[in-house]
Chemist: 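Mind looking over this structure? Questions follow.
Letters A, B, ... mirror the listed sequences (proteins, then strands); counts begin at 1.
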There are 2 protein chains.
Amino acid sequence: MDATPRLGEQACFALYTASRAVIGLYRPMLDRLGLTYPQFLVLMALWEADGRTVTALGDALQLDSGTVSPLLKRLEAAGFVERRRGSTSSGGDERRVTVHLTESGAELERRGCEITQVVGTASGMSYEDLIALRDKLNEFTEAIRTRENATD
Amino acid sequence: MDATPRLGEQACFALYTASRAVIGLYRPMLDRLGLTYPQFLVLMALWEADGRTVTALGDALQLDSGTVSPLLKRLEAAGFVERRRGSTSSGGDERRVTVHLTESGAELERRGCEITQVVGTASGMSYEDLIALRDKLNEFTEAIRTRENATD
DNA sequence: CACAACTCAGTTGTGCGCAACTTAGTTTGG
DNA sequence: CCAAACTAAGTTGCGCACAACTGAGTTGTG
């Protein structure tokens with residue numbers, strides 16, 4: 001039990017594998033919309049609340065500006081979002097950039113919802129089990145984040 | 001309930017976030033060994049069974065040669081592994097490359113084990129809960145992999 | 001033997017993630 | 001008012017992931 005941990009016994013490895021597997025399941029469906037999974041997450045965040053700033057999006061997705069900025073650049077190039085610097089909604093602060101869905105980006109909402117339904121079904125788990133798994137994972141993430149600095 | 005799924009409600013997003021969080025927890029500890037998380041996984045696979053071929057490693061880690069090959073290149077450059085083409089252990093097949101721990105790579109085993117222990121503790125979950133979570137995740141991954149082609 | 005089908009490892013190109021840094025703009029304290 | 005501290009977004013560099021492809025080597029079939 002204190003012996004070398006085997007790959008298959010590790011919860012972390014299971015997490016890493018499961019995460020990639022589910023993104024792989026999304027991939028062919030998102031491909032048809034011209035989206036990657038992280039791009040899809042950005043749109044989900046905007047369907048929920050449009051016009052967020054770059055940092056607010058980063059907080060929602062737990063990603064820093066070094067990841068979000070180029071991601072938004074590609075989403076803008078694809079015509080799904082628009083960036084506005086120093087908009088009145090951010091108090092005219094010229095540092096802030098708000099991100100807004102274009103018509104094309106808003107239109108993806110319906111098809112996007114269908115995809116999440118399909119993935120939920122493909123998991124082979126009941127709705128209740130999925131909720132329970134989600135809550136366990138969020139609890140896990142929270143525990144890690146609070147201990148993050150203590151273990152350095 | 002059929003409305004637009006919110007980010008925080010999605011099990012997939014929880015998975016994606018948890019996976020990155022746990023790798024982030026490993027990072028500072030692995031940094032000290034000069035390893036990334038995927039590189040650490042390769043070493044774990046080799047501590048378990050040394051001298052595997054590149055494809056066998058890929059199967060163990062669920063990664064293709066396009067990811068594993070450069071990964072091994074970096075591990076070899078760092079002096080932790082050695083690659084041998086057409087070794088007798090693979091029947092002299094000149095296509096096959098077997099990967100072997102160097103002394104330096106083998107020595108990391110003890111410190112690597114300690115790290116997995118620390119991470120397990122930092123999760124804030126009991127041993128039983130971690131096992132249960134791991135099994136749920138593996139079940140989840142398995143379900144997805146079998147349905148993968150059906151949902152295209 | 002010949003040669004097509006296949007297998008294995010590796011390369012190329014794109015898009016994340018993340019650390020470290022840069023630049024522009026805002027706030028704070030003297 | 002002005003300089004220092006801070007904040008927001010973006011850039012750079014590196015290491016994955018993954019699709020698509022390449023080329024060397026092996027196997028199967030006639």
Side-chain angles (χ1 to χ4, degrees), chain A residues 13 16-28 30-31 34-42 52-59 61-78 81 83-87 89-99 148 152, chain B residues 13 16-28 30-31 34-42 52-59 61-78 81 83-87 89-99 148 152:
Chain A
F13 178 62
Y16 165 75
T17 301
S19 175
R20 285 188 296 121
V22 73
I23 292 175
L25 183 58
Y26 270 106
R27 200 184 317 281
L30 291 178
D31 268 354
L35 292 173
T36 64
Y37 184 66
Q39 290 168 10
F40 181 62
L41 291 180
V42 169
R52 299 198 204 196
T53 63
V54 172
T55 24
L57 278 172
D59 287 350
L61 274 58
Q62 300 286 347
L63 293 168
D64 73 357
S65 71
T67 301
V68 174
S69 281
L71 218 170
L72 291 173
K73 210 170 172 180
R74 286 183 286 268
L75 275 173
E76 189 165 41
V81 305
R83 282 185 289 183
R84 294 179 207 143
R85 187 174 281 272
S87 72
S89 62
S90 49
D93 189 331
E94 282 296 324
R95 291 169 306 177
R96 284 185 153 86
V97 170
T98 54
V99 185
E148 204 149 45
D152 271 348
Chain B
F13 177 62
Y16 165 75
T17 301
S19 174
R20 285 187 299 120
V22 74
I23 293 175
L25 184 58
Y26 270 105
R27 199 183 319 281
L30 291 178
D31 267 354
L35 292 173
T36 63
Y37 185 66
Q39 289 168 10
F40 181 62
L41 292 180
V42 169
R52 301 199 202 195
T53 63
V54 173
T55 23
L57 278 172
D59 287 349
L61 274 57
Q62 302 284 345
L63 292 168
D64 73 357
S65 72
T67 301
V68 174
S69 280
L71 217 169
L72 291 174
K73 211 170 171 180
R74 285 183 287 269
L75 275 174
E76 188 165 39
V81 305
R83 283 184 290 183
R84 295 180 207 142
R85 187 174 284 271
S87 72
S89 61
S90 50
D93 189 331
E94 282 295 324
R95 292 169 306 177
R96 286 184 152 84
V97 169
T98 53
V99 184
E148 205 150 43
D152 271 347

Chemist: Is there a donor and acceptor pair closer than 3.5 Å between the side chain of Arg95(B) and the base of dT7(C)?
Modeler: yes
Chemist: Can you tell me how far CZ of Arg95(A) sits from OG1 of Thr55(A), rounded to the nearest 0.5 angstrom?
Modeler: 9.5 Å
Chemist: Could you please name the option among dG10(C), dC16(D), dA19(D) that lies closest to any side-chain atom of Thr67(B)?
Modeler: dC16(D)
Chemist: Taking atom CG of Leu30(B) and atom CD1 of Ile23(B), what is their separation to the nearest 0.5 Å?
Modeler: 10.0 Å
Chemist: Give me the one residue out of Thr53(A), Val68(A), Leu57(A), Leu75(A) that meets side-chain contact (heavy atoms from CB on, under 4.5 Å) with Val99(A).
Modeler: Leu57(A)
Chemist: I need the Leu63(B) CG to Tyr16(A) OH distance, nearest 0.5 Å.
Modeler: 4.0 Å
Chemist: In terms of the nearest nucleotide of DNA chain C, which residue is placed more toward the 5' end: Arg27(B) or Arg85(A)?
Modeler: Arg27(B)
Chemist: What is the distance, to the nearest angstrom, from the CZ atom on Arg20(A) to the C1' atom on dA19(D)?
Modeler: 15 Å
Chemist: Please determine, for the side chain of Arg74(B), which listed nucleotide (dG25(C), dC16(C), dC16(D)) has the closest atom?
Modeler: dC16(D)
Chemist: Quick one: Leu75(B) CG to dC16(D) C1', roughly how many Å, whole number?
Modeler: 12 Å
Chemist: Considering heavy-atom distances to DNA chain D, does Thr55(A) or Tyr16(A) have its closest nucleotide positioned more toward the 5' end?
Modeler: Thr55(A)
Chemist: Identify which nucleotide among dC18(D), dG10(C), dA9(D) has an atom closest to any side-chain atom of Val97(B), counting heavy atoms from C-beta outward.
Modeler: dG10(C)
Chemist: Over all strands shown, is Ser65(A) touching base, sugar-phosphate only, or nothing at heavy-atom distances under 4.0 angstrom?
Modeler: base
Chemist: Base, sugar-phosphate, or nothing: which does Thr36(B) touch, judged by heavy atoms less than 4.0 Å apart?
Modeler: sugar-phosphate
Chemist: I need the CD1-P distance between Ile23(B) and dC14(D), as an integer number of Å.
Modeler: 21 Å
Chemist: Figure out the CG/C1' separation between Leu71(B) and dC18(D), and round it to whole Å.
Modeler: 13 Å
Chemist: Distance check, rounded to the nearest 0.5 Å: Leu72(A) atom CG versus Gln39(A) atom CD?
Modeler: 9.5 Å
Chemist: At under 4.0 Å, does any side-chain N or O of Ser69(A) touch on OP1 or OP2 of dG10(D)?
Modeler: yes
Chemist: Can you identify which nucleotide, out of dC18(D), dA9(D), dT26(C), has its nearest atom closest to the Asp93(A) side chain?
Modeler: dT26(C)
Chemist: Whole Å only: how far is the CG atom of Leu61(A) from the P atom of dC16(C)?
Modeler: 11 Å
Chemist: Would you mind reading off the distance between Leu35(A) atom CG and dC16(C) atom C1', rounded to a whole angstrom?
Modeler: 14 Å
Chemist: Would you say the side-chain atoms of Arg85(B) pair up with the backbone N or O of Val97(B), donor to acceptor, closer than 3.5 Å?
Modeler: no
Chemist: Quick one: is Gln62(A) getting a side-chain N or O under 4.0 Å of the dG17(C) phosphate, OP1 or OP2?
Modeler: no
Chemist: Check the phosphate of dG25(C) against Arg96(A), side-chain N and O only, distance under 4.0 Å to OP1 or OP2. Yes or no?
Modeler: no
Chemist: Could you tell me which nucleotide pairs with dG15(D) by Watson-Crick or G-U wobble geometry, both distances under 3.5 Å, or answer none if nothing does?
Modeler: dC16(C)
Chemist: Can you tell me how far P of dC16(D) sits from CG of Asp64(B), to the nearest Å?
Modeler: 14 Å
Chemist: Rounded to whole Å, please give me the gap between OH in Tyr26(B) and P in dC18(C).
Modeler: 16 Å
Chemist: Find which nucleotide of DNA chain D each of Leu72(A) and Gly24(A) is nearest to by heavy atoms, and output the residue with the more 5' nucleotide.
Modeler: Leu72(A)
Chemist: Taking 4.0 Å as the cut-off, does a side-chain nitrogen or oxygen of Lys73(B) come that near to OP1 or OP2 on dG15(D)?
Modeler: no
